[in-house]
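Step one of this worksheet: look at the structure below.
Sequence lines set the chain letters: A, B, ... in the order given, protein chains first and strands last, and positions in each chain run from 1. What's counted below: heavy atoms across the whole structure, side chains too, no hydrogens, waters or symmetry copies.
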Amino acid sequence: MSMTKIKAAGTALLNQWRFLAGLKYFWPVFLAAGLAFCIAADVYDFVDLYLQLIIIYVGINIILTASLNLINGYMGEFSVGHAGFMAIGAYIASILTVYVFPQNTAGILFPAAILAGGMGAALVGFLVAIPSFKTRGDYLAIVTLAFGMIVKSILENIDAVGGPRGLLGMEKLTTLPWVFFWTALCVWVIRNLVYSNFGRGVLSIREDEIASDLMGVNTRQVKIIAFVVSSFFAGIAGGLFAHALQFINPRMFDILKSTDILIMVYLGGIGSIAGSILGAVIYTVLLEILRPLGVWRMVFMPLMLVLLMIYRPRGIMGMREIRLFTPLRDLVTEKLWRQKKKEASDASP
Amino acid sequence: MPLLKISGLTHRFAGLCAVSDFNLLLQQNELVGIIGPNGAGKTTVFNLMTGVYRASEGSINFQGKELVGLDPHSITRLGIARTFQNIRLFKELSVLDNVRIAHYGQMAYSPAEALLHIGRFRAEERRITSQALDLLAVFHLDESANETAKNLPYGLQRRLEMARALAAEPKLLLLDEPAAGMNPNEIFQLMDFIGWIRRTFSVTILLIEHQMRLVMGICERLVVLDFGATIAEGLPAEIQANPKVLEAYLGEEVAS
């Protein structure tokens, strides 16, 4: 009896959810409100600084997770060098704002610095994509592992950027509005890519690369696009990270950082944008909440992961998506389908 | 001009000669079967034609274009599509997406347009989706357009694989053991179905099959392979009476 009640409530809620998803205006309103809130918080300073910093990290981690998910979740490859791309973005953006841009213009030119960091990382991503044509699975993991180490070693050996001591002198330019903007852009672009011809190509590579090639998918082109987009956003995240912390050194971008991002991807769920967001939020916030535990939090987190892998090996949202993250066009597809079915049934007596 | 001309095709796997000096001439709209015992090199011929393997020697000429050395996706875009012996659908994707992926080569928007969902993106997606739904409707699969491919029953999976191959708009369709795992009744339906596909989509069909009933029933011409070499070629009736073929299938007759 109560069961049926719960079921009815569930259905009602689901219908409401559908209604929400069908709302054309949800995203514009949500984005405008979010941006307005971020700008207000930045200007009037009514959000605790510590809380602001956590929100900034959450945003950066969402960018990192969503972009890595494109390679590891949607394409089914296994890349473990994401922190390397982040480092490239962080260093390029920092060098620009600290050394290159004239005094007092860093604030205005900040977006250009971030963009340049993303472009630099994208270019390197393009180069890394080439060996990935030849390798898959474990081998790609080794290639990207080596890539991460190479980036770290190179940075440690360039004295101009501080070598192993790192680089400082960045102003605190990463503000809530900028993080909100880049995070929204990243999520939007990756969603767009996934729900396009190229995105279906990415998915088909995961399912069966040979069959995908035989169906006319230019697998080489698809891999390049996926790698370039993924490393571009890792670079963006790196630039934001550097200007939030105001200090970077090569050790910050070692294999442990890449592992962090991998954890967020597999926690939230492979092949899912909602999952990427969820994974980044849960991981970042939980680590902060567990801070009083000290070293023990690094016991708690792996334990949680082990349990997750046992009970939900694909992550919380593995290969599923919240309706809100599928484009309206996909709903249009459904409409088109219903319409065609109706025409067919009208035609036959 | 023949649609396809294969001459002197040879392929070796580290010393093992899987296909040796294979020749084939296909005319427009023909329906030809390749038969032969297990391990005779039939699937290897398909893999060579579609670019999965690169032939050691010989040439494959399709409508005046040389195929040896081309990537599989380029060959598909020239107009050759295939199905697989053991179904190779994109299992975790929807039925509709399986078909839409095969339209990859016909999509006329750039990566930038895809990333920002601007320009030709909307119109093209609508066109392809509508086309894919039409194709699914023809194959009576439109009811399950949103279903995950792996959840379809076996027979429908086979059908979807054919729909997917046809979505690539081929001129030549290669079917690798389409009747595998079917009972005699289903094979009978499949024979009608293959004939129907050929008429409706006006494609040339080359198929590999073990089921003699199917091969003898619908193929206009047969090629028999054994140990990578062509041992006979001709009309089904001729093949049935050919002593070499009987020998390949049943073994040599022992002189008593």
Side-chain angles (χ1 to χ4, degrees), chain A residues 74 76 133 185-186 188-222 224-226 228-229 232-233 270-271 314 318-320 327-330 332-341 343-344 347, chain B residues 47 50-52 71-77 80-82 84 87-93 96-111 113-118 121-122 124-126 128-130 132-134 136-137 142-143 145-146 148-149 161 164-165 167-170:
Chain A
Y74 289 104
F133 299 147
L185 184 76
C186 170
W188 182 64
V189 167
I190 287 180
R191 185 214 70 167
N192 283 354
L193 179 64
V194 169
Y195 292 97
S196 80
N197 199 26
F198 304 101
R200 289 193 290 270
V202 167
L203 293 171
S204 70
I205 289 177
R206 175 186 73 200
E207 294 298 315
D208 187 334
E209 187 167 350
I210 292 177
S212 153
D213 209 350
L214 284 168
M215 285 304 126
V217 175
N218 188 342
T219 50
R220 180 168 296 212
Q221 182 192 32
V222 167
I224 289 184
I225 293 170
V228 166
V229 170
F232 173 80
F233 282 112
I270 54 166
R314 280 166 167 182
M319 314 263 237
R320 283 177 304 145
L328 278 174
R329 182 180 44 71
D330 263 43
V332 172
T333 302
E334 227 174 280
K335 224 165 84 186
L336 202 71
W337 173 54
R338 292 221 181 88
Q339 192 184 317
K340 270 184 195 288
K341 222 167 71 175
E343 276 166 23
Chain B
N47 283 335
T50 49
V52 178
D71 287 333
H73 61 85
S74 317
I75 293 175
T76 305
R77 281 182 214 180
I80 298 182
R82 69 176 284 183
F84 302 89
I87 305 173
R88 293 179 80 158
L89 289 170
F90 306 120
K91 290 197 191 70
E92 298 282 348
L93 306 184
L96 177 64
D97 277 348
N98 265 279
V99 174
R100 284 202 289 190
I101 283 165
H103 280 114
Y104 187 95
Q106 300 139 26
M107 205 67 107
Y109 58 77
S110 66
E113 282 166 302
L115 287 177
L116 304 175
H117 279 198
I118 50 165
F121 180 84
R122 269 161 206 281
E124 279 291 286
E125 280 287 317
R126 216 186 152 83
I128 294 300
T129 305
S130 166
L133 284 169
D134 283 342
L136 284 176
D142 53 336
E143 291 289 329
N146 283 331
T148 310
E161 217 191 14
R164 185 179 67 170
E169 295 180 357

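Comparing B/Leu93, B/Val52, B/Leu89 by heavy-atom pairs within less than 4.5 Å of chain A, the highest count is held by B/Leu93. Among the candidates A/Asp208, A/Ile210, A/Leu203, A/Leu193, the residue making the largest number of heavy-atom pairs closer than 4.5 Å to chain B is A/Asp208. Interface remark: of the candidates A/Val189, A/Val194, A/Val222, A/Ile190, A/Val189 forms the most heavy-atom pairs closer than 4.5 Å to chain B. No other option in A/Gly199, A/Ser212, A/Gly201 has as many heavy-atom pairs under 4.5 Å with chain B as A/Ser212.
Contacts between B/Ser110 and chain A at a heavy-atom distance below 4.5 Å involve the backbone alone (N, CA, C, O). Heavy-atom distances place both the backbone and the side chain of B/Ala114 under 4.5 Å from chain A. For A/Val229, the part lying near chain B is the side chain, with the backbone staying farther off; criterion is any non-hydrogen pair under 4.5 Å. Heavy-atom distances place the side chain of A/Ile225, and not its backbone, under 4.5 Å from chain B.
By the 4.5 Å heavy-atom criterion applied to side chains, A/Asn192 and B/Phe121 are not counted as neighbours. Side-chain contact between B/Arg77 and A/Asn218: present, with at least one pair of heavy atoms (C-beta onward) separated by less than 4.5 Å.
The OG atom of A/Ser204 lies 10.0 Å from the CG atom of B/Asp97; values are rounded to the nearest 0.5 Å. Taken to the nearest 0.5 Å, the OG atom of A/Ser196 stands 8.0 Å off from the CE atom of B/Met107. Taking CZ of A/Arg200 as the start and CG of B/Asn98 as the end, the distance is 11.0 Å to the nearest 0.5 Å. A distance of 10.0 Å separates CD1 in A/Ile205 from CD1 in B/Ile101, rounded to the nearest 0.5 Å.
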Query raised in the report: Are B/Tyr109 and A/Asn197 close enough, and set up right, to give a side chain to side chain contact (heavy atoms under 4.5 Å, CB included), and what steps lead you there?
Result: CA-CA 9 Å; B/Tyr109 58 77; A/Asn197 199 26; 3.1 Å; yes
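Crowding of A/Ile224 atom CD1: a count of heavy atoms from other residues, nucleotides or ligands under 6.0 Å exceeding 12.
The minimum heavy-atom distance between A/Glu207 and B/Lys91, with the atom names listed, is OE1-N, 3.3 Å. The minimum heavy-atom distance between A/Tyr195 and B/His117, with the atom names listed, is O-NE2, 3.6 Å. Of all non-hydrogen atoms in B/His73 and A/Val217, the two that sit nearest each other are CB-O, 3.4 Å.
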